[in-house]
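Notes to accompany the following structure.
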Amino acid sequence: MKITILNGSPKGDLSVTLQYVKYIEKKFPQHEFTTVHVASTIKKLEKQTEAFDEVIETVAKSDGVIWAFPLYVFLVHANYKRFIELIGERGAQEAFKDKYTALLATSIHFFDHTALNYMQGTCDDLHMRVTDYFSADMDDLMKANERARLLTFADHLFTSITEKRLTLRVYQPIVPTIRDYTPAHIESSLDDQGQRIVIVADTLDLEQNLGRMVERFRKLTQADVIDISALDIKGGCTGCIKCGFDNHCMYGDHDEMERTYRRIAEYDIIVFAGAIRDRYLSAQWKTFVDRRFFKTHQPQFPGKQLGYLISGPLGQLDNLREILLASAQLDRANLAGILTDEYETSTEIDQQIEAFAGNLIDCSSKHYIRPQTFLGLGGMKIFRDDVWGRLRFVFQADHRYYKKQGLYDFPQKEYRIRAKSLFLILLTKIPVVKKSIQKDLKIHMIGAHQKVLRDKE
Ligand SMILES: Cc1cc2nc3c(=O)[nH]c(=O)nc-3n(C[C@H](O)[C@H](O)[C@H](O)COP(=O)(O)O)c2cc1C
């Protein structure tokens, strides 16, 4: 059986994910594996069409494909995303159609599900037959039970191919619904109430809805504009994690990324603007997002108001919405709103842009930060535990930051609550007390709340 591995790590052969693939190869010597380093050679695949065609030819001739990729900032690496875009741009979908495939990811399980959802959607769009996904922690290969699990996953792919098993489709195709947006003339701009506003856009092209939305927002708010497509970006994140020690990117001052992020963070209101390509924003956008990692696991925009102007069918892409929400929460910012061009008329979009801008200014002047949901709270607990533990050696800057900002909020340190719990547990060992507590549990649960209602203003 011929299996093609599409490696999504920018580290090529030094990829952690690839070690999982190599283990599968070792245990299934009867199959022929061909690895293509898609992410680390993306420049070549973009420039030399014959190199890209060779990859597609390899896929076409194989019995199965393993998409093997690391998590990079809620998704796959920007270069892997670019490869997926190239498949569409160059009309190479046929090679993937009806091909059996499996998704193999490594990560620290921080939003691994959003990357897997994205890849599942991509495979569904390509009409591939996804047998399964496997999300390994980056260190799982050292555990015997996880290695056994990995082999079962791989075997499932090979057996499905042999037996031509039916697979499930998870995502339906995206239905195009976006109309042309033509903004009306603006009479006057809004009062920004002294809030500094910036809009960071993937494009300013007025031929596109996004460019026109950005222009309308800019005219309304007099915001400064940063055009990502005009920035000097020397390359994507290489995964070197040199930034872990002192939050400086290996590119340093050789390009504008670090400077740009530091500049953006000085504004009170930050509006990001991008157009949807496949099931995320563009690969250029993802490069911009990946390069934020010089701040590693620290919030990038604490206390700021964020907004998104999105052109495209976000209403059909809950996964992308979740990524945008989660990212804002992890940044300790307030995501005041996400506005898309999914409206029937341009007038509605005009009105929405005005309301969107007004809401951002209002929230900013009130310093309002909405409480986090599971996305921010759960994600932060993963960071906290890993930065305190196994990742501390490399991510020393995070460790210093977490200590200083009191982010090591382990419950073990809450001695008062621990003592109270111990006391109450001991009390419940007395049957009559336990019975009485159980009887009045609902009342006990709101005791402290009622005290606040009585005592506080
Ligand atoms: C820039 C960068 C971003 C990352 N983003 C995530 C992430 O969002 N979620 C996660 O669980 N792990 C994340 N990781 C951890 C990697 O996914 C993990 O170390 C993976 O095993 C690396 O695989 P590779 O060596 O094949 O590239 C990130 C690592 C880097 C360097």
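Whatever order the structure lists ligands and atoms in, that order sets their numbers, starting from 1. Everything numeric here is computed off the predicted structure, so don't read it as measured data.
- Looking only at protein heavy atoms, the nearest one to atom 12 (N) of ligand 1 is Ile108 N, 3.5 Å.
- Of the heavy atoms in Cys237, only side-chain atoms (C-beta onward) come closer than 4.0 Å to ligand 1.
- Classified by interplanar angle (parallel below 30°, tilted 30° to 60°, perpendicular above 60°), the ring pair Phe301/Phe272 is tilted.
- Looking at atom 19 (O) of ligand 1, its nearest protein heavy atom turns out to be Met138 SD, 3.4 Å.
- Looking at Ile241 against ligand 1, only its side chain comes within 4.0 Å, counting heavy atoms.
- When hydrogens are left out, the protein atom nearest atom 21 (O) of ligand 1 is Thr106 OG1, 2.7 Å; that is the closest non-hydrogen contact.
- The N/O atoms of Val73, backbone and side chain alike, include one that comes under 3.5 Å of an N/O atom in ligand 1.
- Relative orientation of the Phe158 and His31 rings is tilted, given thresholds of 30° and 60° on the angle between their planes.
- Taking both residues in full, the closest heavy atoms of Met213 and Thr340 are given as CE-C, 3.8 Å, listed atom of the first, atom of the second, then distance.
- Asn334 and Gln305 share a side-chain donor-acceptor pair at under 3.5 Å.
- Using cut-offs of 30° and 60° on the angle between ring planes, the pair Tyr72 and His77 is perpendicular.
- For the pair Asp140 (side chain) and Asp137 (backbone), a donor-acceptor distance under 3.5 Å is present.
- Neither the backbone nor the side chain of His77 has a heavy atom within less than 4.0 Å of ligand 1.
- For atom 27 (O) of ligand 1, the choice among Gly8, Pro10, Ser9, Ser15 with the nearest heavy atom turns out to be Ser9.
- Counting heavy atoms closer than 4.0 Å to ligand 1, residue Phe74 contributes backbone atoms (N, CA, C, O) but none from C-beta onward.
- Atom 13 (C) of ligand 1 has Leu71 O, 3.4 Å as its closest protein atom, hydrogens excluded (heavy atom only).
- Salt bridge absent: Lys99 and Asp63 never bring a charged side-chain N and a carboxylate O closer than 4.0 Å.
- A salt bridge does not link Arg196 to Glu266: none of the charged side-chain nitrogens sits closer than 4.0 Å to a carboxylate oxygen.
- For atom 23 (O) of ligand 1, the closest non-hydrogen atom of the protein is Pro70 CB, 3.1 Å.
- When heavy-atom distances to ligand 1 are checked against a 4.0 Å cut-off, Tyr72 comes that close through both its backbone and its side chain.
- Any N or O atom pair closer than 3.5 Å counts here, and Asp290 shares no such pair with ligand 1.
- The protein non-hydrogen atom at the shortest distance from atom 9 (N) of ligand 1 is Phe110 O, 2.8 Å.
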For the pair Tyr100 and Val130, evaluate side-chain contact (heavy atoms from CB on, under 4.5 Å) and give the outcome as yes or no after the intermediate values. CA-CA 6 Å; Tyr100 278 90; Val130 184; over 6 Å; no
